[in-house]
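A short worksheet on the structure shown next.
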Amino acid sequence: MSLPTGPVALDNTYGSLLVGTCFGLVLYGLSLHQLFRYARLFPSDVLSIRLLVTGVMGLETFHAVLTMHLCYHYLVTNYLQPQILLQAIWSLQLIPGLTAFTACVSKIFLARRVFLTGTLARWAVGVVAVLLTAELGLAIVLTYKGFVLANLLSYAHSVVGILIACIATATAADFLLAGTLIVTLQSQKYNYWRGYSWVDIFSTYLVKSGLLTGICNLLALILALVRQESFIYAAVNIITTRLYANTLLAVLNSRKLMASGRLEVFADADTGIDFNAIARATRVAQAERWNAPTGSSLPQR
């Protein structure tokens, strides 16, 4: 994180972190509500998705604890001790790596959705995999330097380029995933928005596609470029991290799977088994579990 070279102004540094933490906790509460709905609606969901949800919510909880701890440490425990403001605390040092790891785990789900939309979209998943690897690697470097350089001024001068590159890769991955899903929706040959409210349209295009997290990451990137002396971009980044869990759970809770979690397949009249129908049903079942838009299904509400 960047810091001014002169006296630290609390309003646009730790004050910004406090505001970001408060908004982040509101979104964390919303994700807990969505987690409760997910547990009630899909108690027998596939193990991989349940593990993914558990992992993301565990990471989000730890991230929320870190942001609360650093705010309390700098603004309460060390109140009126300005020299402490330039000394890194462990919670602040862990945040870059944890933020990137949380985002990457959440994007695994979005990448799987893109993968299931069709063969032409799978090249995007490969590019996203490279971007996520780069993002995680850069975040690990940021975390390592945070522990090595305990003084925040020294840290700020040495990681500016790495920080901007990390946010840029996260932004590119978000927009690539969201863009691919939106193009898939637009390629459908029917008027699928007939009978849908503007809330459904807003939710599908902006939230469930991951576009909102991309916009927030873009805002954080711009602020990191033009306001390097402040923590305003970090506050936006805290909010963005909370949006990943909300995006994941919003997509999962909008599915309409059968109670059994499977699709019925009728046998062929001659052979008794319709292998094409089985394969087709398997593909549709996968797409529905991951809420991936396909050419034969409406977007779920």
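Note that the coordinates shown come from a computational prediction; the quantities given were computed from them, not determined experimentally.
With rounding to the nearest 0.5 angstrom, the CG atom of Asn237 is 10.5 Å from the CG atom of Leu221. With values rounded to the nearest 0.5 angstrom, Ile84 atom CD1 is found 9.0 Å from Ile89 atom CD1. Within the model, atoms OG1 of Thr169 and CG of Leu136 stand 9.5 Å from one another, a figure rounded to the nearest 0.5 Å. A distance of 5.5 Å separates OG1 of Thr67 from CG of Leu25, quoted to the nearest 0.5 Å. To the nearest 0.5 Å, atoms CG (Asp174) and CG (Leu110) are separated by 8.0 Å. Between the CG atom in Leu75 and the CG atom in Leu70 there is a gap of 8.5 Å [rounded to 0.5 Å].
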Inset, instruction - Determine, step by step, whether Phe147 and Leu94 satisfy the side-chain contact (heavy atoms from CB on, under 4.5 Å) criterion, reporting the C-alpha distance in whole Å, the side-chain angles of both residues, the deciding distance to 0.1 Å, and the verdict. - result: CA-CA 9 Å; Phe147 280 98; Leu94 284 175; 3.9 Å; yes
Inset, instruction - Apply side-chain contact (heavy atoms from CB on, under 4.5 Å) to Thr240 and Val236, showing your working. - result: CA-CA 6 Å; Thr240 306; Val236 175; 4.1 Å; yes
Legend entry - Candidate pair Lys208 and Thr247, rule side-chain contact (heavy atoms from CB on, under 4.5 Å), full reasoning: CA-CA 6 Å; Lys208 296 177 187 176; Thr247 299; 5.7 Å; no
Inset, instruction - Please lay out, stage by stage, how Tyr155 and Leu142 fare under the test side-chain contact (heavy atoms from CB on, under 4.5 Å). - result: CA-CA 9 Å; Tyr155 175 75; Leu142 288 173; 3.8 Å; yes
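Note: the hydrophobic cluster containing Ile162 does not contain Val130 (ILVMFWY, side chain heavy atoms under 4.5 Å, direct or indirect links). Phe231 and Leu18 fall within a single hydrophobic cluster, where Ile, Leu, Val, Met, Phe, Trp and Tyr side chains are chained together by heavy-atom contacts under 4.5 Å. Under a hydrophobic-cluster definition in which Ile, Leu, Val, Met, Phe, Trp and Tyr are linked whenever side-chain heavy atoms come within less than 4.5 Å, directly or via other members, Val56 and Phe62 are assigned to the same cluster. Under a hydrophobic clustering in which Ile, Leu, Val, Met, Phe, Trp and Tyr are joined whenever their side-chain heavy atoms come within less than 4.5 Å, directly or via other members, Met68 and Tyr14 fall into different clusters. Hydrophobic clustering of Ile, Leu, Val, Met, Phe, Trp and Tyr side chains at less than 4.5 Å, counting indirect connections, keeps Ile167 apart from Tyr244.
Residue Ala111 comes nearest to Leu177 through the heavy atom pair CA-CD2, 3.8 Å, listed as atom of the first residue, atom of the second, then distance. Here the closest non-hydrogen pair linking Ile239 and Gly24 is CG1-N, 4.5 Å. Scanning all heavy atoms of the two residues, the minimum distance from Ala139 to Pro96 falls at CB-O, 3.6 Å. Heavy atoms only, all atoms of each residue included: Gly20 and Ile238 are closest at O-CG2, 3.6 Å. Scanning both residues, Asn253 and Gln34, for their nearest heavy atoms gives ND2-O, 3.1 Å. In terms of heavy atoms, Thr171 sits closest to Gly214 at CG2-O, 3.9 Å.
Proximity of Glu135 to Cys104: side-chain heavy atoms (C-beta onward) are separated by under 4.5 Å at one or more points. For the pair His33 and Leu249, the minimum side-chain heavy-atom distance is 4.5 Å or more. The side-chain heavy atoms of Arg242 and Ser31, taken from C-beta on, include no pair separated by under 4.5 Å. For the pair Tyr28/Thr61, a side-chain contact is recorded, criterion being any heavy-atom separation below 4.5 Å from C-beta on. At least one side-chain heavy atom of Asn78 sits under 4.5 Å from a side-chain heavy atom of His73. No side-chain heavy atom of Val141 sits under 4.5 Å from any side-chain heavy atom of Val159. The closest side-chain heavy-atom distance from Leu152 to Leu92 is below 4.5 Å. At least one side-chain heavy atom of Leu252 sits less than 4.5 Å from a side-chain heavy atom of Phe109.
Residue pairs that meet the side-chain hydrogen bond (donor to acceptor under 3.5 Å, both in side chains) test with at least one member in residues 137-154, sequence neighbours left out, do not exist here.
In this structure a side-chain-to-backbone donor-acceptor pair under 3.5 Å is missing from Lys107 to Thr102. Listed for the Tyr233 side chain is no donor-acceptor partner under 3.5 Å among the backbone atoms of Leu219. Arg122 places a side-chain N or O within donor-acceptor distance of the main-chain N or O of Phe115, the cut-off being under 3.5 Å.
The environment of CZ in Phe36 is sparse: at most 12 heavy-atom neighbours from other residues, nucleotides or ligands sit within 6.0 Å. Shown here is Phe175, whose CZ atom has more than 12 heavy atoms of other residues, nucleotides or ligands within 6.0 Å. The neighbour count for Tyr38 OH, taken as heavy atoms of other residues, nucleotides or ligands under 6.0 Å away, is above 12.
In terms of the ring-ring contact (aromatic ring centres under 6.0 Å, His included) criterion, residue partners of His69 (sequence neighbours excluded) are, by chain and number, Trp90. Qualifying side chain to side chain contact (heavy atoms under 4.5 Å, CB included) partners for Leu206, counting only residues two or more places apart in sequence or in other chains: Phe202, Leu211, Leu212, Ile215.
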